[in-house]
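Order of listing sets the numbers, starting from 1, for every ligand and every atom in it.
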Amino acid sequence: MKGLPFIGFLILIQLLIALAKFYPCDRKQIGSTCYVLNITIESEESFATVMFEEARRLVIEHSNIPTFSETLFHNLPDVEAITLKGGNVTTINFSSDTLSTLRIDKTGLQHLNITPGPNHSLNTLLINRNFITTLPKTIHYLYALSILDLSQNRIEYINLNWFQQMDNLLVLDLSWNHIAQMDASSELRLGRLKSFFVSYNHLSQIPWFPIGFPKLERIRLSDNYWNCPWVASMRKQIWDRRIRLFDSDSACSEHSEGGLCCYDRVPVDVPARYELIEIEFQEQADGVGLEFKKVTSEPPPLMMAEQSDAGSERRTCDELRERVRGLKREKLALVKEKTEMEQQYSKKVAAMQDTLRSVREDLEAAEQEVTRYRYKERMDLIERTGKISAEAGAI
Ligand SMILES: *[C@@H]1O[C@H](CO)[C@@H](O)[C@H](O)[C@H]1NC(C)=O
Ligand SMILES: *[C@@H]1O[C@H](CO)[C@@H](O)[C@H](O)[C@H]1NC(C)=O
Ligand SMILES: *[C@@H]1O[C@H](CO)[C@@H](O)[C@H](O)[C@H]1NC(C)=O
Ligand SMILES: *[C@@H]1O[C@H](CO)[C@@H](O)[C@H](O)[C@H]1NC(C)=O
């Protein structure tokens with residue numbers, strides 16, 4: 001009579017094993033990367049019982065997993081990096097306090113949800129060639145992010161304050177989206193951000209740029225609908241801070257300002273935000289006071305507008321003369337800076353060549369190691385085969 005519950009228990013276990021769906025690696029690479037191809041995980045019930053082979057990195061390609069759910073993430077506690085590539089993963093409900101890298105490439109992703117909660121360990125999130133239109137506000141819980149690449153999606157709106165608490169954020173790539181507006185509060189400080197890429201969007205300005213980006217080194221800005229006064233003011237500031245612009249527009253239908261096309265009015269096919277910009281621009285100039293005045297001179301187009309209001313020709317003439325003098329001084333300084341930057345550049349190139357050389361050496365060493373190993377393996381095999389035939393001969 002005692003045996004009955006035990007048998008029941010066994011049956012339960014059997015049932016669980018039968019229910020559990022095991023997906024072996026189709027391919028496994030040294031360094032413990034497991035490739036799983038062409039699988040389907042559809043129902044929510046099966047998420048809890050899904051099993052993969054043990055591996056630190058899991059690559060799931062060309063698979064149909066309509067929702068990659070929280071349960072599924074929790075079911076992979078030993079995996080450090082997940083790549084979803086191709087196939088059909090339209091929703092991600094992200095929740096993990098162990099995963100460090102998540103890459104979702106061309107899976108038809110439309111919805112990204114992130115569990116609110118401070119335990120996420122994710123430091124690299126790459127979502128490319130997908131259809132996300134909005135980011136969840138809960139993205140700000142991904143405190144540990146250092147690389148966030150959301151390029152080639154359909155994102156329309158960004159609030160830069162979402163990234164404020166990501167103390168390690170070094171790279172933010174939002175290029176190739178449909179972003180028409182970015183907001184930020186005056187307290188915005190992306191304290192460590194080095195690379196900020198927003199080319200190929202519908203932006204007319206970026207609030208608190210570059211003041212809110214104290215460590216910025218590289219930007220990409222081309223192919224947007226920049227507002228001319230904004231570009232003029234921003235250009236001076238990024239020059240002073242030696243932030244490098246890594247791209248430029250080729251042909252402009254209206255004006256060009258230092259390699260970027262800009263518009264007095266936002267083109268009609270873009271939601272009109274011109275008024276909004278002017279207000280924010282004014283606030284910006286007022287808000288920061290001394291600091292702002294120190295870094296920028298007034299952007300030229302704005303100045304022109306003010307002059308025609310003032311009316312006094314003599315004043316205009318004096319101001320223009322003063323400006324010419326200023327420009328001459330600036331030009332001299334620029335020539336000097338250019339030389340310095342060129343020197344820095346060639347130093348960096350030399351450093352990169354050194355790195356490349358040492359990487360190549362490492363690679364060669366590794367290849368030799370592999371060859372040696374293969375040779376040994378083959379010798380072992382020959383030896384073993386020899387033994388076997390000797391034994392066979394003895395019999
Ligand atoms: C994927 O798997 C399904 C069945 O599960 C099969 O019919 C199909 O041919 C497979 N596709 C590829 C590209 O392997
Ligand atoms: C994913 O998250 C969304 C929003 O939180 C929720 O409505 C949905 O039910 C979740 N789906 C699964 C399969 O967990
Ligand atoms: C992807 O999923 C959607 C919805 O479940 C379905 O309509 C579509 O046919 C799927 N596409 C592929 C390539 O499996
Ligand atoms: C986060 O971590 C704390 C402390 O380790 C733990 O008590 C809590 O349950 C965790 N929350 C989640 C959502 O994992």
> Hey, are Lys28 and Glu53 close enough for a salt bridge, meaning a charged N less than 4.0 Å from a carboxylate O?
Replying inline: yes
> Looking at Asp223, Ile179, Ile206, which one forms a side-chain contact (heavy atoms from CB on, under 4.5 Å) with Val198?
Replying inline: Ile206
> Is the shortest N/O to N/O distance between Asn113 and ligand 2 below 3.5 Å?
Replying inline: yes
> Identify the closest protein heavy atom to atom 14 (O) of ligand 2: which residue and atom is it, and at what distance?
Replying inline: Asn93 ND2, 3.1 Å
> Are Glu61 and Lys85 close enough, and set up right, to give a salt bridge (charged side-chain N to carboxylate O under 4.0 Å, His left out), and what steps lead you there?
Replying inline: CA-CA 5 Å; Glu61 287 183 36; Lys85 204 170 169 191; 5.1 Å; no
> Does atom 9 (O) of ligand 2 have any protein heavy atom closer than 4.0 Å?
Replying inline: no
>> Test of understanding: clusters of I, L, V, M, F, W, Y form through side-chain heavy atoms closer than 4.5 Å, transitively. Do Leu150 and Tyr200 belong to the same one?
In response: no
